[in-house]
Number of protein chains: 2
Amino acid sequence: MSIQERKERERAQRHQLIVATARELAEAQGWEAVTTRRLAERIEYSQPVIYGHFPDGKRQIVGAVALEGFAELTAVLRQAVADGPAGRAAVAALATAYLDFAERNPALYDAMFLLDTGLLFADEQTPAPLREGFGTLVATLGPVAGEADPGAFVEVFWSALHGLASLTRSGRLPRRLAAQRLTVLVDRFAG
Amino acid sequence: MSIQERKERERAQRHQLIVATARELAEAQGWEAVTTRRLAERIEYSQPVIYGHFPDGKRQIVGAVALEGFAELTAVLRQAVADGPAGRAAVAALATAYLDFAERNPALYDAMFLLDTGLLFADEQTPAPLREGFGTLVATLGPVAGEADPGAFVEVFWSALHGLASLTRSGRLPRRLAAQRLTVLVDRFAG
DNA sequence: ACACGGATCCTAGCACCGCTAGACATTCGA
DNA sequence: TCGAATGTCTAGCGGTGCTAGGATCCGTGT
């Protein structure tokens, strides 16, 4: 029994090691630098070991990193509205927290919202960390939505945030005017 | 002289053939299927010929396709506001046209706004087709912006559209509620 | 008409990618 | 102690972007 347990523990550790290594590598050199070969070298195992943990390969690894990201983003958003702001203040707090998160964890953000992970959104099988993040937004922004359907309202707000984050990150929006854009965004969604 | 000209004409034709083939291939099988080998086979030349036209490789080809896209999107947007709608009608017309364009030309849209093309936005050297598209938005939406800076207003509006388009396309937003989201968006930016 | 020279194009190959079959070792249970 | 099962590695497949260097064609000047 105990031997079995030890093995499972070791296996879980290695699993986590792969995810952490992939994340570090992605954050340091971008996702295109995260190859199974490099990953294998870093964790000091051969390539097939990685496929023992992630049969679907790279895509699944990205998904595992993304899942960590959703948990962290949810925590960040909750923290941002922990003291219960309402109306305009709530919108501003969430927007700032979201964009800060994207700016500070670019590779993580890409895994969550840009890359193909096979993760399902707004579905029966959507993982819990993902649900909770969206739930936090809905709970906080519901009162701001007015007559609009809270779900649709939050989706549009999130889309705007994602648009700002991703276009800024890819150099398509100049960072220079980020503050003005934030003001416009908050005005639009808090009004 | 004439021989020189004929050669240049042929070269230009082949250049365009590469771009068109890349676009077709991307639209049919996605950008990951656009490889220099497949491209070479389709145009019935060897790989190095492609590099003769696009020294920077795939990235530059994607950029050329994207440029076509900006011209087409600009035309679509102008068409959408050709009869001079104002206020809410203008916002709705632009949003609908933009999202339709993204939905109908997914690979093209990716080239323009998702993939790495090396194209510069909001810069001295930004290509004309790109400027004009943004210009159309600014010209139409300026009056709607109210007190806000028209540039920032348009950037946020565009971000929201891009967020909706890209999250929908990657399966992160359910298509089911697209109409509701459009309503919310227009309400927010036309109010 | 012909040989030359430069432009043009292709063959072949590099290093790397994701992924996997099959050999090998190691460890467990009988 | 021995067979089986588990675990890991080596080696390799077909693919990628990209390029060096040789062959070939074609316009040009004699």
Side-chain angles (χ1 to χ4, degrees), chain A residues 1-19 21-23 25-26 28-66 107 110-111 115-118, chain B residues 1-19 21-23 25-26 28-66 107 110-111 115-118:
Chain A
M1 272 305 157
S2 178
I3 286 176
Q4 190 86 357
E5 285 172 9
R6 192 208 68 211
K7 288 200 173 182
E8 288 217 3
R9 206 168 50 235
E10 286 176 353
R11 186 176 165 79
Q13 276 179 7
R14 207 169 46 181
H15 188 97
Q16 189 47 37
L17 177 61
I18 294 172
V19 175
T21 307
R23 180 172 172 177
L25 204 46
Q29 306 179 229
W31 278 106
E32 72 284 355
V34 181
T35 70
T36 54
R37 278 178 172 80
R38 237 187 299 256
L39 226 40
E41 196 193 358
R42 294 264 181 127
I43 66 169
E44 297 181 314
Y45 282 93
S46 67
Q47 278 181 281
V49 169
I50 292 177
Y51 288 90
H53 286 272
F54 301 94
D56 286 354
K58 194 173 171 178
R59 169 199 179 104
Q60 200 177 355
I61 298 175
V62 177
V65 173
D110 285 351
L115 302 179
D116 181 25
T117 60
Chain B
M1 269 305 157
S2 178
I3 285 173
Q4 191 87 357
E5 285 172 8
R6 192 208 67 210
K7 287 200 174 181
E8 288 215 3
R9 208 169 47 233
E10 286 175 355
R11 187 176 165 80
Q13 277 178 8
R14 208 168 48 182
H15 188 95
Q16 188 48 37
L17 176 62
I18 295 172
V19 175
T21 305
R23 180 173 172 177
L25 204 47
Q29 306 180 230
W31 278 106
E32 72 283 356
V34 181
T35 71
T36 55
R37 276 179 174 77
R38 228 178 315 244
L39 226 40
E41 196 193 358
R42 295 264 180 127
I43 65 169
E44 298 181 315
Y45 282 93
S46 68
Q47 278 181 280
V49 169
I50 293 176
Y51 288 91
H53 285 272
F54 300 94
D56 286 353
K58 194 172 172 177
R59 169 199 180 104
Q60 199 177 355
I61 298 175
V62 177
V65 173
D110 285 351
L115 302 178
D116 181 23
T117 60

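The sequence lines fix the lettering, A, B, ..., with proteins before strands; numbering per chain opens at 1.
- Annotation: A/E41, atom CD; neighbour count of heavy atoms from other residues, nucleotides and ligands within 6.0 Å does not exceed 12.
- Shown for residues 31-39 of chain B: residues whose heavy atoms fall under 4.0 angstrom of DNA chain D, namely B/V34, B/T35, B/T36, B/R37, B/R38.
- In this structure, the separation between NZ on A/K58 and OG1 on A/T117 is 13.5 Å, given to the nearest 0.5 Å.
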| What do the steps show when you test A/Q29 against A/L25 for side-chain contact (heavy atoms from CB on, under 4.5 Å), and what is the final call? | CA-CA 6 Å; A/Q29 306 179 229; A/L25 204 46; 3.6 Å; yes

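- Between B/Q29 atom CD and D/dT16 atom P there is a gap of 11 Å when expressed in whole angstrom units.
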| Would B/W31 and B/V65 satisfy side-chain contact (heavy atoms from CB on, under 4.5 Å), going step by step from the backbone distance to the final call? | CA-CA 11 Å; B/W31 278 106; B/V65 173; 3.9 Å; yes

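- Looking at A/R11 and A/H53, their side chains come closer than 4.5 Å, going by heavy atoms from C-beta outward.
- The nearest whole Å value for the distance from the NZ atom in A/K58 to the P atom in C/dC16 is 15 Å.
- Rounded to whole angstrom, the span from the CZ atom of B/F54 across to the C1' atom of D/dC18 amounts to 16 Å.
- B/Y51 has its OH atom 7 Å from the P atom of D/dT19, to the nearest Å.
- Between the CD atom of A/Q60 and the C1' atom of C/dC19 there is a distance of 14 Å, rounded to whole Å.
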Mind listing the N/O atom pairs, protein and nucleotides 6-10 of chain D, below 3.5 Å?
| residue | atom | partner | partner atom | Å |
| --- | --- | --- | --- | --- |
| D/dT8 | OP1 | A/R14 | NH1 | 3.0 |
| D/dT8 | OP2 | A/R14 | NH1 | 3.4 |
| D/dT8 | OP2 | A/R14 | NH2 | 3.1 |
| D/dC9 | OP2 | A/S46 | N | 3.0 |
| D/dC9 | OP2 | A/S46 | OG | 2.9 |

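- Atom CD of A/E10 is separated from atom C1' of C/dC28 by 15 Å (rounded to the nearest Å).
- Atoms CZ and CZ, from B/R38 and B/R42 in turn, are 8.0 Å apart once rounded to the nearest 0.5 Å.
- Using a 4.5 Å heavy-atom cutoff, the side chains of B/Y45 and B/I18 are not in contact.
- Of the residues listed (B/L39, B/V19, B/V34), the one engaging B/I61 in a side-chain contact (heavy atoms from CB on, under 4.5 Å) is B/L39, and it is the only one.
- Whole-Å rounding puts the A/L115 CG to C/dG18 P distance at 13 Å.
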